[in-house]
Amino acid sequence: VSGSPSKIAVTFSAQTYVESGRDHIIISDKNGESIGSFTAGELANKTLILNGDTVNVSIKADSDVEYYGFCIVKAESADDHTFVQSVVLPQTELTMSYGESKNISAVISPSDAISDITYYSTDEGVVTVDENGNVYAINGGSAFIVAFDAYTNKSAECKVTVIKNVYDGIHYTVNGS
């Protein structure tokens, strides 16, 4: 990118391919510092924000690789982009019943900031979360749901406690009924 920006935004096309799940696209910055190793699905239609004015892209593939491909559809200065200043979840604590689902979508500030919010659970045996912030109670216990902005490392968390009603298996008969 011309003009020597301090950050660049690099957008990959939807047609980003590698042959197998073991093949990865390696992204590094101008100084060769690794930004990450990504599968094709992780980069398709994704914008990465990198320090400096250069991006290095390479393919790490099995020796029998037959095809791969990626296309950078846009590379521009990110110096004028507005980045997330805060990530907030609507609740910091949540109690759910086994089998229940709720949405706790993150709110970013400023609202027009460039963001890449991902959600994860600290214990998927208790509670899971999808890419839209929908939380699913799987088993009794507690875990945190975290909303994380990949560009700024800003995050928010919500402690989720799942109550699992246990059926004791005892049958009661009242007055012979």
Side-chain angles (χ1 to χ4, degrees), residues 9-28 33-50 57 59-62 68-73 78 81-170:
V10 179
T11 304
F12 289 82
S13 72
Q15 292 78 33
T16 302
Y17 302 103
V18 291
E19 186 173 3
S20 77
R22 296 182 311 246
D23 300 336
H24 286 82
I25 300 169
I26 312 296
I27 308 292
S28 58
E33 184 175 328
S34 177
I35 303 305
S37 175
F38 303 91
T39 64
E42 292 171 326
L43 281 181
N45 287 320
K46 182 159 179 102
T47 299
L48 299 177
I49 305 296
L50 304 145
V57 181
I59 304 288
K60 179 181 177 189
D62 291 341
Y68 60 85
F70 63 89
C71 178
I72 295 174
V73 294
H81 285 63
T82 301
F83 292 97
V84 170
Q85 298 298 313
S86 69
V87 177
V88 177
L89 290 172
Q91 295 171 269
T92 57
E93 292 189 32
L94 178 63
T95 301
M96 298 175 68
S97 297
Y98 169 76
E100 188 177 11
S101 64
K102 290 190 177 181
N103 182 278
I104 59 166
S105 295
V107 176
I108 61 166
S109 178
S111 61
D112 64 341
I114 184 170
S115 66
D116 184 11
I117 301 293
T118 56
Y119 298 90
Y120 66 88
S121 170
T122 59
D123 187 344
E124 291 191 346
V126 174
V127 63
T128 61
V129 61
D130 67 17
E131 67 275 0
N132 298 311
N134 295 310
V135 178
Y136 304 94
I138 304 299
N139 205 349
S142 293
F144 287 91
I145 296 299
V146 179
F148 175 79
D149 178 51
Y151 297 139
T152 62
N153 295 327
K154 304 281 186 190
S155 65
E157 63 183 28
C158 175
K159 181 179 181 184
V160 180
T161 302
V162 178
I163 299 170
K164 185 172 181 182
N165 297 325
V166 178
Y167 175 67
D168 62 12
I170 299 172

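These numbers were taken from a predicted model, which means no experiment stands behind them.
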Quiz item: Of the non-hydrogen atoms in D130 and Y136, which two are nearest, and what is the gap between them?
Solution: OD2-OH, 3.3 Å
Which donor-acceptor pairs under 3.5 Å do side chains of residues 107-118 form with protein atoms, sequence neighbours excluded?
| residue | atom | partner | partner atom | Å |
| --- | --- | --- | --- | --- |
| D116 | OD2 | K46 | NZ | 2.1 |

Quiz item: Which pair of heavy atoms, one from I145 and one from S121, lies closest together, and at what distance?
Solution: CD1-CB, 3.8 Å
Quiz prompt | Closest non-hydrogen atom pair, N132 against S105 | solution = O-OG, 3.0 Å
Quiz item: Stepwise, does the side-chain contact (heavy atoms from CB on, under 4.5 Å) test hold for C158 with V160?
Solution: CA-CA 6 Å; C158 175; V160 180; 4.3 Å; yes
Quiz item: Looking at side-chain heavy atoms only, is the closest gap between N134 and N103 below 4.5 Å?
Solution: yes
Self-check item: Pairs touching residues 150-162 that satisfy side-chain hydrogen bond (donor to acceptor under 3.5 Å, both in side chains), sequence neighbours left out
Solution: S142-T161, D149-T152
Quiz item: N139 and K164: side-chain contact (heavy atoms from CB on, under 4.5 Å), yes or no, with the steps?
Solution: CA-CA 6 Å; N139 205 349; K164 185 172 181 182; 3.4 Å; yes
Quiz item: M96 and S101: which non-hydrogen atoms are nearest, and at how many Å?
Solution: CE-CA, 3.7 Å
Quiz item: Closest approach of I104 and L89, non-hydrogen atoms and distance?
Solution: O-CD2, 3.1 Å
Quiz item: Can you tell me how far CG of L94 sits from CZ of F144, rounded to the nearest 0.5 angstrom?
Solution: 12.0 Å
Quiz item: Hey, does the side chain of Y119 reach the backbone of A106 with a donor-acceptor pair shorter than 3.5 angstrom?
Solution: yes
